[in-house]
2 protein chains.
Amino acid sequence: MQRATRDDVARLAGTSPAVVSYVLNNGPRPVAPATRARVEQAIAELGYRPNLVARALRSTRSNVLGLVVPDSSEGYFTQLTHAVERAAFARGSLVLLGNSAFSREQELRYAESLANMRVDGLLLVRAEIAGAAATHSTLDVPVVYLHHRAPSGSAAPSVVLDNKAGGRLTTEHLLGHGYREIGCLTGTARSGPVADRARGWTEAMRAAKRSTGNVVRTGLDRHAARADIRRWLQSPERPRAIMATADGLALDTLTVAAELGLSVPKDLAVIGFGGTDAAAHSWPALSTAGHSFDDFADAAVSTLDELRENTQPEDRVLDVHLTARASCGCE
Amino acid sequence: MQRATRDDVARLAGTSPAVVSYVLNNGPRPVAPATRARVEQAIAELGYRPNLVARALRSTRSNVLGLVVPDSSEGYFTQLTHAVERAAFARGSLVLLGNSAFSREQELRYAESLANMRVDGLLLVRAEIAGAAATHSTLDVPVVYLHHRAPSGSAAPSVVLDNKAGGRLTTEHLLGHGYREIGCLTGTARSGPVADRARGWTEAMRAAKRSTGNVVRTGLDRHAARADIRRWLQSPERPRAIMATADGLALDTLTVAAELGLSVPKDLAVIGFGGTDAAAHSWPALSTAGHSFDDFADAAVSTLDELRENTQPEDRVLDVHLTARASCGCE
DNA sequence: GTGAAAGCGCTAACAT
DNA sequence: ATGTTAGCGCTTTCAC
């Protein structure tokens with residue numbers, strides 16, 4: 001049996017298709033109560049459900065948002081994805097998900113597919129990799145950058161954390177514990193959120209007249225990252241405390257420390273960045289700086305809304321809070 | 001400036017709109033090389049990109065799949081979601097994601113929205129909760145159940161792990177290490193994948209003439225789960241080894257053990273289930289049973305394809321492999 | 001308050 | 001090999 005269409009409903013209700021629309025959308029024209037009742041009756045009887053594809057074609061709203069992240073299975077992106085999906089659904093939209101796999105090319109491929117799908121907007125979490133930052137200006141779709149600022153040359157708004165201030169915050173917290181040798185564990189990208197956090201560390205260390213020489217940079221491969229951390233922790237350069245620019249790095253540090261028989265925070269204090277759930281569930285529990293993911297996602301979706309309404313939205317910079325747990329020496 | 005449509009392309013190429021379609025879709029009619037070149041030239045010149053919404057309305061294929069999981073930020077579902085998205089994209093489809101938040105009602109709400117969006121198919125990971133299992137038969141969309149078998153009364157195919165065999169496998173592995181008192185840490189649901197794994201434990205224990213009395217059941221709240229585990233590990237009933245029916249539970253056990261100063265595997269051996277990445281990165285590394293997520297996702301997407309082609313597909317039961325690491329006493 | 005009709009951008013059957 | 005045309009199911013303007 002075929003799915004009922006709006007015409008079927010109209011026929012059964014003894015009215016015109018237009019009226020069915022008016023009832024469904026509560027407008028733009030009024031409908032007499034009696035007619036409305038008949039239409040609703042017919043809808044129920046037929047189990048009618050509007051075809052959203054047709055609606056999207058006719059109107060110019062699909063109630064679908066596109067979200068592209070580098071890797072939706074990485075802790076931080078996982079939670080961001082989850083929060084965005086929830087925030088979108090709460091406002092009546094569904095989310096089309098894309099994984100760019102940290103590749104600009106793949107990022108663009110997804111952005112194009114999503115744009116062709118006529119999503120209402122694109123939420124883009126750029127990969128932190130080197131290489132030309134393709135602006136997606138030709139896409140003809142509202143774009144909001146998340147987590148990472150918009151590439152230079154793009155007029156698109158962004159919603160990002162106050163990463164540098166956060167980097168200062170976590171570093172100052174370690175300083176406050178009285179640690180003097182504080183190392184920085186960070187990524188290899190020269191710019192982007194992670195680099196900004198490292199910059200915060202540098203600033204805080206400078207302000208405290210401490211050396212800014214003890215930095216370890218590591219890439220995306222988790223296995224290699226652990227090897228780098230292991231080498232560091234076994235070397236004479238092993239710091240008393242580590243400010244990691246992402247929770248994943250901090251968690252790996254915890255694991256390597258356990259493996260080497262180093263006690264955290266007694267032998268080594270560790271603080272992360274991102275505010276992920278995983279930080280709350282490690283042993284010892286990881287102190288971390290971050291911003292509520294739900295808030296972040298709300299800001300993202302509402303910035304997209306503003307953009308659609310042509311009020312050129314401001315870039316949003318979310319302040320970063322510290323959640324102090326055992327790993328830094330608190331508790 | 002407005003987006004170019006197919007008619008614009010046709011006009012510029014000096015041909016009819018149909019030919020543009022033929023070029024775009026490589027059929028169903030042949031196009032002369034010269035004409036094709038002109039069309040392609042026009043497409044490039046205008047930066048034309050087909051409107052997939054219109055295409056979806058006209059044909060009856062949207063190239064969009066719906067995926068509903070209980071919580072896309074939980075380790076296992078995170079990886080399944082990631083794998084499904086990749087598998088779908090590899091076959092030219094995008095994925096609309098939904099989080100049912102372990103609620104039947106929400107599950108249904110998503111399934112309906114997705115069906116109204118005319119997705120090509122629905123991949124449903126049912127929540128393991130009590131309550132009437134709403135069949136989605138009225139949805140008029142191909143449905144494949146993942147992870148959890150189809151609810152009774154539904155004719156939809158499913159792709160699931162061989163959970164009971166897997167439960168036997170992990171338990172037998174612990175038995176093979178020589179542990180005699182092996183406890184089972186599992187969820188509260190009476191049926192479903194997790195319950196089946198526990199059943200495998202029971203079978204293996206019976207076969208080995210061991211007591212099947214040492215079982216702890218815990219719910220979805222992670223904090224409460226930890227409290228339950230803590231109580232267990234501090235009680236006289238503390239087993240020598242624990243077979244956990246999900247990696248999350250096993251990981252929590254590792255954390256509680258560390259917290260209590262219990263050494264794994266010396267004081268307590270632990271084995272998980274799910275084959276998640278997190279298991280590879282804990283300390284000690286967690287032994288776990290599972291099946292490749294990529295494989296799982298491929299099976300899911302191809303089962304959906306078969307369903308669309310009306311060849312009523314078989315239920316697929318994926319065999320479960322053991323990845324032995326340090327937590328059970330291997331290495 | 002309701003109906004008729006145009007058209008969103010596309011596919012594909014039917015013409016030529 | 002290419003052009004013409006009828007819809008897919010809907011929203012909304014315009015007439016009544």
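Residue numbering restarts at 1 for every chain, and letters A, B, ... go by the order of the sequence lines. Owing to the predicted nature of the structure, the values given are computational and were not obtained by experimental measurement.
- Residues meeting the ring pair (Phe, Tyr, Trp, His ring centres under 6.0 Å) test with A/Phe89, sequence neighbours left out: B/Tyr110.
- Residue contacts for B/Val31: at a heavy-atom cut-off of 4.0 Å it reaches the sugar-phosphate backbone alone, with no base atom in range.
- Closest contact between the side chain of A/Pro28 and the listed nucleotides D/dC10, D/dT12, C/dC10 involves D/dT12.
- Side-chain N or O atoms of A/Arg49 include none that pairs as donor or acceptor with a backbone N or O of A/Ala4 at under 3.5 Å.
- Panel note: side chain A/Asp120, backbone A/Leu65; no donor-acceptor pair is recorded below 3.5 Å.
- Checking the phosphate oxygens (OP1, OP2) of D/dA1, no side-chain nitrogen or oxygen of B/Thr35 falls inside 4.0 Å.
- Every residue two or more places apart in sequence or in another chain that forms a side chain to side chain contact (heavy atoms under 4.5 Å, CB included) with A/Val31 is listed here: A/Val19, A/Tyr22, A/Val23, A/Thr35, A/Arg36.
- Rounded to whole angstrom, the span from the OH atom of A/Tyr22 across to the C1' atom of D/dT13 amounts to 8 Å.
- Between B/Ala34 and A/Val19, the residue anchored closer to the 5' end of DNA chain D is B/Ala34, taking for each the nucleotide with the nearest heavy atom.
- Across C/dG3, D/dC10, D/dT2, the shortest atom-to-atom separation from the side chain of A/Ser16 is found for C/dG3.
- Contact of A/Arg29 with C/dT2 (side chain to base): a donor-acceptor pair of N or O atoms is detected under 3.5 Å.
- A salt bridge links A/Glu107 to A/Arg104: one of the charged nitrogens lies within less than 4.0 Å of a carboxylate oxygen.
- Straight-line distance from the CZ atom of B/Arg11 to the C1' atom of C/dG9: 13 Å, rounded to whole Å.
- The CG-P distance, from A/Asn26 to C/dG1, rounds to 14 Å in whole Å.
- Using a 4.0 Å heavy-atom cutoff across all strands shown, B/Thr15 reaches sugar-phosphate atoms only and no base atom.
- Between C/dA12 and B/Ser21, no contact under 4.0 Å exists linking OP1 or OP2 to a side-chain N or O.
- If you take CG of A/Asn51 and P of D/dC8, they are 12 Å apart, rounded to a whole angstrom.
- Between B/Pro17 and B/Ala54, it is B/Pro17 whose nearest contact on DNA chain D lies nearer the 5' terminus.
- Residue A/Ala18 is in base contact, counting any heavy-atom pair closer than 4.0 Å across all strands shown.
- Straight-line distance from the CG atom of A/Asp140 to the P atom of C/dG9: 12 Å, rounded to whole Å.
- With hydrogens and angles left out, the side chain of A/Tyr48 and the base of D/dG9 share no donor-acceptor pair within 3.5 Å.
- In this entry the distance linking CZ of B/Arg3 with C1' of C/dG9 reads 12 Å, nearest Å.
- At a cut-off of 3.5 angstrom, the base of C/dG9 holds no donor-acceptor pair with the side chain of B/Arg58.
- Nucleic acid contact for A/Asp7: none, since no nucleic acid atom lies under 4.0 Å from a heavy atom of the residue.
- Counting to the nearest Å, the P atom of D/dT13 and the CG atom of A/Asn25 are 12 Å from each other.
- Between A/Asn51 and A/Thr5 there is no side-chain heavy-atom pair separated by less than 4.5 Å.
- What separates CG of A/Leu57 from P of D/dG7 is a distance of 17 Å, to the nearest Å.
- Within the 4.0 Å cut-off from OP1 or OP2 of C/dC8, not a single side-chain nitrogen or oxygen of A/Ser59 is found.
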